[in-house]
Structures are given as structure tokens and as C-alpha cells.
Amino acid sequence: MPAPARRLLPAQVHLPSGGVARLSDAAARVRASSVFGAPAGRGGERASIGRCALDVQVLAGPSVLADARGAPLDPLGLPLTDAHVLRALLASAGVVPEEPGAYTCENCSAPFEVAPSGLLEIGPFTDGELHDPELDCPFDFGVSHPIPALRVGRAVCRAVRLVERTVEEAMPLLRLPDDGVLRVTPSLVVAMGIAALGRERRAPLIAEALARAPDEAWAAIVDLYHEARYPARLLAVYRCQGCGARNDLDVPLERELARAPLRAAGADGADADELGEPRSTRAGTRARASASSAFPDLDGFEARVRAAAGRIYEARGVRNIDLFIDAGVPACDDGGEPLLGCYTPGTPADALGIAHPPEIRIFYRTFRSEAREDPGFDIDAEIEETIDHEVTHHLHHLAGSDPLDDEEHEQIAREELRRVGHAEAVRRARRGALSDVAGFVRATWPAWLIAAVGTALAWCAGGR
């Protein structure tokens, strides 16, 4: 089922390469209805083209894409980064179909479904605000990038170097069927832009190595490929309806490579990989290694937190602050990031004479998640830093002003501004102000009408 059109295709867009392209919403929709509306041919020919290639067909339609001067622009000559931005805009505007994806909240594990492209912030692309040093930093094609070890012939490789690719050069990859089967061939290696695997530059040997690469090595190469071909701005932010957590989702949803494990052509699950161990054995080894360095259980974590709190409370000269280790769903800050800890000021006695002391709450699950994602995560150092941070909030609260809290909210606002774009933020502020005025008028128009009638009657009576 095609996604509903949430917005018109922008008439002009700034591309990561620095160029400007013009788009025709009307022409794109006509072309998309032809490309996606036509039934698949014998043997499912349309499915075998691949979703990325279908999007390119839409962009190649008559009058769909032009350069800044209005001359026709061939999408096959575009860098892949530019093409994927245009693909994202097609999906964002509902020009091409995007089925909602099924996801799970990273914080509370609640399931949700959403079509990510509809949530894409397009302002920086339409307003030419692609100058953020992090979000718009180009991929470094001039260096080799580290990856987990894999064997290339008789050598062990720990790095890969990519080169830029145009849409036409990458077409053998973009046309692959979306059936979960990836056949690694020399032409695919060239299409991916893998110039070297370690010191090896021969595509046939690189293809053989990739076909038998360990799962973690393949996943790392795919991550690098996505970093090189998909700008960092191509993500959607979904805020969980239950816990408020921010979930970052890929845009476009359908991409040409998956991080799923590979197997050599014709091999079964028991075949040995290139480092000499069966895949099933290596997977078990990784699981056992993970278990041996497992995050502490709740009791062990609480003991470490309370020990750290005792030292910090004494050093900072504070007391009577309740300390609670929360094993439930972590709270999130205003930006949707799960918190390591939080501070709640105390409250005076209520009508029943019950007062609530100030509290520092430490979230067990956030610490555990951070430790899983970052092998270098120092649990004890982070515990101490978090408690000390919350004690600082307490001392600022006692002083009557909390500049640390102001700074945190300003940082969240800055991050949102980077993602949304300055011009779009101004437009939203204006719309919000107009909406407030319109709402005020709608709510108070009877009073204004009565006042106007009263004024008119008074004026008439005075004129007699």
C-alpha cells in the first residue's frame, strides 16, 4: 500500500556534492505511477530490478529532474550520495511507495510501525543548510578504514578502502533482487566501490574473501558503505508514544545492502569460514565471550552505586538525598535520550504532613545498554560521574538557580536546530505564533462580538 503524500516534492534541493537540482512533483508522480503501477513481468522482472533501481527510473522520467539552470539531469551520472538524498525525498513526499516498517523501541521495547521517510527533516536540503561539521562531513575516501579481521587469500586483512561511485557505476548492486540473497561477485565488488581489502586490490580475490567473511567483518563493511553513500541527515526520528525515547530510523527504509550474515556461494551453515572455524562454532564462541564479560546483575550494580554515592556525598558535603536504583524503563530527557540518572528536588510537607526528600535516581538499564554498545564503557567511572552530576543539580537547586539544567536544555535545543535547520525552525515558530493567535480568536470570538455590538449601540445612543 503506497504511503500517503505528506508533502509536495520540493521544487529545488541542495545536494551533498554541492550541486542544486530541480524537481517536478507532477512529473515525478506520473512517472512513479508508471514504474510502480505496472505489473511485474514474467518471472517477476520488476522485483528483480531492485528497489533502488526503480527509484532511479522515476528520477530518470521526462521532466522529473533538472539542474539549477533547468537543463535535464541524468540521475545515472550523480554520485550515490546525491541519488540517495533524491530517493529519500521521493519517499518522503509519498511519490514512491514505502511500506511501514515494524520496529521495537530501543528504550522500552514497545513495538511500533512507521514509514520512516515521512518523518525526514528536509529543511536543510531545501534551504541549503548542509554545512554542519558533523552531519554534513563528507566520507574520507583517501584512507583505509579499520574492520574486524578477515582472511584475503593467505593474508589477514584489517582494513578496507572505498572509492566514490556514481549511480551508473553502482547499478550492478542497485539492481540486485530484494530477496535476501546476496551473491558476491567481482562486478559487485566494483559496484560497491571497494578499491582495496588490506593490500589486495584484485576484485576476484576480494569477492572470494567477502563471500566467506566473518559476520562481524561483513557488518562493519556494510556500515562503512552506508556511511559513505548515505549522508548522516538521512534518518528519521520517531519518539516512542510510551516512554518518549528517540528512535533513529534509516531513510530511505529500503537500502541496497543489509548487515545480515553472508555465506559463501553453495556453502551450508557448517562450512568453515576463512579463519578456519565453522560459523556456528564462532557464533557460540562470541556468545560465551560476551557472557564471561557480562554486565553486573542488579544487586552487584546497586552495591557499586551505593559505594560510589557514599564517597561522593562525603566529598561534596551533602546528605539526606535518597538514592534509588531503578531497574525499570529509564526516563528520557527532553530530546528523547534515555537518562543514566536524574535528580528530583524535595518537596515540603503536604496536607498530611508528609515531606519528600530530594532523590537521585540511577537507571540500571541505560548503563547496561551503554556497556553493550561501547566495549570501552567504564562502568565505575560513569557511575561516579553520573552521581556527581546529579549532586551538582542538587547544590544548584539549593542555591536557587540551576545553570547546569539551563545548559542541558540549551544543548538539546541546539541539537534539534542542527537537525531541523535554522530556516525551517523560524518557519515553525511563525506558524506556531499564528496558530496561537488563531486559537485565541476562535476561543474568544463571542466576547469580541458582544463587545463590538455594545460599542456600536453606545455609539448610536450617543449620536441621538
Side-chain angles (χ1 to χ4, degrees), residues 10 13-19 21 23 50-56 58-59 65 75-93 95-96 98 101 103 114-126 129-143 145 147 160-176 178 182 188-189 191-195 218-238 246-260 418-421:
V13 59
H14 295 256
L15 300 172
S17 65
L23 294 162
R51 174 54 191 267
C52 295
L54 290 173
D55 289 348
V56 171
V58 174
L59 293 170
L65 186 63
L76 292 178
L78 293 174
L80 276 177
T81 50
D82 289 356
H84 287 315
V85 167
L86 295 172
R87 290 185 56 228
L89 293 174
L90 290 176
S92 175
V95 173
V96 299
E98 182 178 74
Y103 301 94
V114 68
S117 295
L119 302 176
L120 176 68
E121 294 291 351
I122 68 171
F125 296 110
T126 59
E129 297 181 8
L130 303 180
H131 43 68
D132 185 271
E134 180 181 351
L135 295 178
D136 303 306
C137 179
F139 185 81
D140 191 349
F141 289 102
V143 302
H145 297 267
I147 58 172
V160 63
R161 183 168 63 86
L162 302 178
V163 293
E164 294 187 79
R165 282 287 176 261
T166 65
V167 173
E168 186 171 20
E169 291 168 335
M171 195 54 71
L173 173 61
L174 304 183
R175 291 178 62 90
L176 283 176
D178 189 20
L182 184 66
L188 184 81
V189 169
M192 289 177 64
I194 299 179
W218 172 253
I221 290 172
V222 172
D223 286 342
L224 282 170
Y225 176 89
H226 285 159
E227 184 181 346
R229 314 304 182 193
Y230 288 84
R233 289 191 182 277
L234 290 187
L235 64 84
V237 173
Y238 175 84
R246 166 178 171 160
N247 292 267
D248 292 353
L249 312 174
D250 286 342
V251 175
L253 177 58
E254 296 185 64
R255 298 189 172 186
E256 59 268 39
L257 284 177
R259 301 177 81 251
R418 292 172 61 206
R419 189 175 67 87
V420 171

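These numbers were taken from a predicted model, which means no experiment stands behind them.
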Item checked: Gap between atom CG of D250 and atom CG of L234 - 0.5 Å precision -> 9.0 Å

Item checked: side-chain contact (heavy atoms from CB on, under 4.5 Å) partner of L89, chosen from L59, I122, T126 -> I122

Check: Looking at NE2 of H84 and CG of L78, how far apart are the two atoms once the value is rounded to the nearest 0.5 Å?
Finding: 11.0 Å

Next item on the list: Grab the two heavy atoms, one from L224 and one from F139, that are nearest each other, plus how far apart they are.
Entry: O-CE1, 4.0 Å

Notebook entry, point to check: Do R233 and V85 have side-chain heavy atoms sitting under 4.5 Å apart?
Noted result: no

Check: Under a 4.0 Å N-O cut-off, is there an ion pair linking E256 with R229?
Finding: no

Next item on the list: Mind checking salt bridge (Lys or Arg N to Asp or Glu O under 4.0 Å) for D140 and listing every partner two or more places apart, or none if nothing turns up?
Entry: none

Margin query: Do E98 and P116 make a side-chain contact, defined as non-hydrogen atoms from C-beta onward lying under 4.5 Å apart?
Written below: yes

Checklist line | Side-chain heavy-atom pair M192, V189 within 4.5 angstrom cut-off | finding: no

Notebook entry, point to check: So do the side chains of D82 and P16 get within less than 4.5 Å of each other, counting heavy atoms only?
Noted result: yes

Notebook entry, point to check: With a 4.5 Å limit on heavy-atom distance, are the side chains of N247 and Y103 in contact?
Noted result: no

Notebook entry, point to check: Out of curiosity, I221 CD1 to H145 NE2, how far, rounded to the nearest 0.5 Å?
Noted result: 12.0 Å

Notebook entry, point to check: Looking at side-chain heavy atoms only, is the closest gap between L80 and Y225 below 4.5 Å?
Noted result: yes

Checklist line | Partners meeting side chain to side chain contact (heavy atoms under 4.5 Å, CB included) with H226 (sequence neighbours left out) | finding: V222, Y230, R255, L257

Note to self: Looking at every heavy atom in both L120 and V251, which two are closest together, and how far apart are they?
What the structure shows: CD2-CG1, 4.1 Å

Next item on the list: Drop me the distance from H14's NE2 to L130's CG, to the nearest 0.5 angstrom.
Entry: 7.5 Å

Note to self: If you compare all heavy atoms of A83 against all heavy atoms of V167, which two are closest, and at what distance to 0.1 Å?
What the structure shows: CB-CG2, 3.3 Å

Notebook entry, point to check: Shortest non-hydrogen contact from P133 to C137?
Noted result: O-CB, 3.2 Å

Next item on the list: Give the minimum heavy-atom separation between L162 and F141, together with the two atoms involved.
Entry: O-CD2, 3.3 Å

Notebook entry, point to check: Say you draw a straight line from CZ of R165 to CG of L174; how long is it, rounded to the nearest 0.5 Å?
Noted result: 12.0 Å

Notebook entry, point to check: D55 and L86: side chain to side chain contact (heavy atoms under 4.5 Å, CB included), yes or no, with the steps?
Noted result: CA-CA 9 Å; D55 289 348; L86 295 172; over 6 Å; no

